[in-house]
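Just below is one structure, and these are the notes that go with it.
In what follows, chains carry the letters A, B, and so on, assigned in the order in which the sequence lines appear, proteins first and then strands, with residues in each chain numbered from 1.
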Amino acid sequence: MKDKISQLLEHALNALKSEGILPEDLAATPAIDNTKDKAHGDFATNIALVSAKAARRNPRELAQLIVDRLPADKAVTQVEIAGPGFINFFISDASSFSVIGDILQKGDAFGKSNIGGGQHIQVEFVSANPTGPLHVGHGRGAAYGATVADLLAAIGYDVQREYYVNDAGRQMNILAASVWLRYLELEGERFTFPSNGYKGEYVLDIARQLQQDAGNRLRHSAETVFTDIPADAPQGGDKETHIDALIERCKKLLGADDYRLVFDLGLNAILDDIRDDLAGFGVHYQEWFSERTLENDVDAAIQLLQDKGCLYEKEGALWFRSTDFGDDKDRVVRRDNGETTYFASDIAYHRNKFERGFDRVINIWGADHHGYIPRVKAALQAMGIDPDRLDVRLVQFAILYRGGERVQMSTRSGSFVTLRELREEVGNDAARFFYVTRKAEQHMDFDLDLAKSESKDNPVYYIQYAHARICSIQRKLEEAGDVVSTEQLIGAVDALNLDEERDLAGLLARYPEVLAQSASQLEPHQLTHYLRELAGQFHTYYNAHKVLVEESAIRDARIALSYAVRQVLKNGLTLLGVSTPSEM
RNA sequence: GCGCCCGUAGCUCAGCUGGAUAGAGCAACGGCCUUCUAAGCCGUGGGUCGUAGGUUCGAGUCCUACCGGGCGCGCCA
């Protein structure tokens, strides 16, 4: 409908241009808004206000000139000039209700579009270090990333979902050492566990597995392990040098092969757990990209930057001159001990992404990584890749509340709330929905009690309930033995004439643009708010008017409208990863 | 100190990228089940959009400064 009005306006504007009233090069394209107030009609445009200056006329006068040149159209029943110069359009009922037939015909495809035009776009999200189970902070990134990816796919992008597995860093060595030390404890060795090691219960589980696989073959006495190891923090030493020394000792005592065995056992166990957790959350990936496979790419990327003259040596280390590309300070890519930095891996990784042919890349990061964006973009630019093709979205952490009290979390101590625990407590539907119901960059309070509640307070249930109610209407209809074909329903919509029905039809007609905007702005919350509104409007209608009335013409029309509402609720909820129960 | 994010009703948040009288939901109060699911609906009250300037026909939205909250500023990952 907006397109139709836009065409009419275009026609009028062109006429004014050829008459010399408006300049030929007028850039303004008419913006068509949905009106907030029904007294203003169904749609409104501010084009007369925007181009008044160029026409050197006052807005109302220009509006009148435009209206005089609007072609007649049977969908438009009335055009008014209002306020400072808005042009309001009133739409015919037949035109308003035609969306119902459109929805019933298109079904699951209603709302989808090809705005993306098949462009290749990658969404990389979660990418948590595989050093422990996912916690509730990762959950928000998972829900947001998965939803954004699905939204983009719905508007015609070719989307690839990727998890970057940090399987090469120091944290992984700490995990391997932690597993081995727990194993030694199981074997009967006694010592103080390093304060910087991973202490979660899951480490013990992996150690048990190790014991089963390897028996006592990997056992060394506590004395050999800890001799000459610098003191840990509680003993007045430094926790970092303590754990690093233990890692080195572990490698030395086990030898490369057995160390790798322990390392991979830990990595795979945790990765399996993460995969399983995310799959259970309805989050699926096309690619699990291993950092370890980047080894050659890192050297190549450093070489590339070297060739471009963007690197220099200082104090034994190799630096990237990122300040040339807008960063605050230069960054080390190779340390004085010869090892490349995490940043170097990331340079290589991002180059790799674009070499795989993605037109656009979206990274979803925790908000604490925001300071990292300028240097990654700087690296891309230095390598000749347009940094605007990378879009980094930050997700703020969610704070959990239970019984009005903040739920405390701390990762290292092992006392965190895992994503799995959250899913078990509130269910996947509520978790998926709640996580994306706020703007990603907004701090969020996650009320566990509300997510669990089965009442209208809980937006997930509220929306699902609207869906279930419509399914119930269908059951009633079928019980009565009445079968109505889709064609029959579509033909019946002329009988609609209530205000509530117009409101519903207006909302339904907005779905495609809500979806398009929600997707292209990477803001799933726009869709959740829309669905809440649609469900509410339906509940109002349902309470005020009976659908299954005696008079079959009206009955069929109302059924058609109800089914259309159900279809849009289903399409929206499905994109959000939320189920659509037919009974509740 | 520098950088990024945020500040809208008592609470949790929207506000369609500058439009008409700033909206929902909770919480408070009053109503609605012999009728397709009351997991629902209807009604009432509630605001100096952090503060002060600026840009213009028009600002919650844009620019500047300040106030308040969060995060980040490693040869960590």
Side-chain angles (χ1 to χ4, degrees), chain A residues 31 33-37 39-40 44-46 49-50 52-53 58-59 82-86 88 129 131 166 168-172 174 240 291 314-319 328-329 331-343 345-346 366-374 394 396-397 401 404 437-439 441-447 450 453-459 461-462 464-466 468-477 479-480 510 513-514 517-518 521 523 525-526 528-530 532-533 535-536 538-549 555 558-559 562 583-584:
Chain A
D33 285 335
N34 297 91
T35 54
K36 289 175 194 159
D37 187 339
H40 298 143
T45 180
N46 62 356
L49 294 162
V50 175
K53 193 168 268 179
N58 79 53
F86 291 102
N88 295 333
N129 281 348
T131 53
N166 289 109
R170 174 165 170 268
Q171 294 305 320
M172 289 307 299
I174 297 179
E240 306 291 350
E291 180 185 358
K314 191 178 88 181
E315 295 161 8
L318 191 61
W319 296 70
D328 292 347
K329 52 183 81 166
R331 310 289 172 175
V332 172
V333 290
R334 183 179 288 134
R335 287 181 273 192
D336 56 6
N337 67 6
E339 284 180 42
T340 55
T341 59
Y342 176 85
F343 177 46
S345 294
D346 244 13
D368 53 339
H369 285 75
H370 68 78
Y372 207 75
I373 299 171
L394 300 173
Q396 287 285 351
F397 295 115
Y401 286 85
T437 203
R438 304 290 178 232
K439 267 197 290 221
E441 63 268 29
Q442 185 87 265
H443 297 266
M444 181 178 88
D445 290 346
F446 193 124
D447 186 337
L450 180 62
S453 85
E454 301 191 342
S455 74
K456 69 184 171 111
D457 308 358
N458 184 340
Y461 280 84
Y462 185 83
Q464 288 178 323
Y465 184 49
R469 270 183 153 175
I470 299 168
C471 291
S472 175
I473 292 172
Q474 181 172 21
R475 278 193 299 275
K476 277 276 184 250
L477 185 69
E479 279 166 23
R510 267 180 52 207
E513 70 189 72
V514 168
Q517 186 157 314
S518 182
Q521 295 180 193
E523 295 188 344
H525 76 274
Q526 292 187 25
T528 66
H529 282 94
Y530 169 83
R532 175 70 179 69
E533 196 183 348
F538 180 75
H539 286 308
T540 296
Y541 177 57
Y542 180 94
N543 264 61
H545 306 284
K546 193 168 161 131
V547 173
L548 299 178
V549 292
R555 185 199 66 172
R558 293 183 179 177
I559 292 171
S562 301
E583 270 180 274
M584 290 173 76

P atom, B/U51 versus B/G68: distance in rounded Å? 15 Å

Under 3.5 Å, is there a donor-acceptor pair between the side chain of A/R331 and the main chain of A/K329? yes

For B/U51, the Watson-Crick or wobble partner whose two distances fall under 3.5 Å: B/A65

Stacking here means centres under 5.5 Å and planes under 30°; does A/H529 stack on B/A24? no

Same-atom distance (C1') from B/U21 to B/U17, integer angstrom: 22 Å

Quiz question: going by heavy-atom distance under 3.5 Å, is there a donor-acceptor pair between the base of B/A77 and the side chain of A/D346? no

For A/K546, is there any backbone N or O sitting under 3.5 Å from a side-chain donor or acceptor partner on A/R558? yes

Sticking with atom C1', work out how far B/G70 lies from B/C76, rounded to a whole angstrom. 22 Å

Under 3.5 Å, is there a donor-acceptor pair between the A/R438 and A/H443 side chains? no

Using purine N1 to pyrimidine N3 plus N6-O4 or O6-N4 for Watson-Crick, or N1-O2 and O6-N3 for G-U wobble, each under 3.5 Å, what pairs with B/C41? B/G31

Does B/G46 have a Watson-Crick or wobble mate here (both distances under 3.5 Å), and if so which one? none

B/A24 and B/U64, which share atom name P, separated by this distance in whole Å: 33 Å

For A/S453, is there any backbone N or O sitting under 3.5 Å from a side-chain donor or acceptor partner on A/N458? yes

Would you mind classifying the nucleic acid contact of A/K329 as base, sugar-phosphate or nothing, using non-hydrogen atoms under 4.0 angstrom? sugar-phosphate

Any donor-acceptor pair under 3.5 Å from A/N46 side chain to A/L49 backbone: no

Is A/H369 side chain donor-acceptor paired with the B/G72 base, going by distance under 3.5 Å alone? no

Classified by glycosidic angle (syn within 90° of 0, else anti), B/C33 comes out syn

For B/U17, does the glycosidic angle fall within 90° of 0 (syn) or outside that (anti)? syn

Using the aromatic ring of A/F86 (for Trp, its six-membered ring), decide whether it stacks on the base of B/A20 within the limits of 5.5 Å and 30°. yes

Heavy atoms under 4.0 Å, any strand shown: does A/A82 hit a base, just sugar-phosphate, or nothing? base

For B/G3, the Watson-Crick or wobble partner whose two distances fall under 3.5 Å: B/C71

Is the base of B/G3 touched by the side chain of A/D328 through a donor-acceptor pair closer than 3.5 angstrom? no

Nearest-nucleotide check on RNA chain B, A/A535 vs A/T437; residue mapping nearer the 5' end is A/T437

Nearest nucleotide by nearest heavy atom, which residue falls closer to the 5' end of RNA chain B, A/G83 or A/G316? A/G83

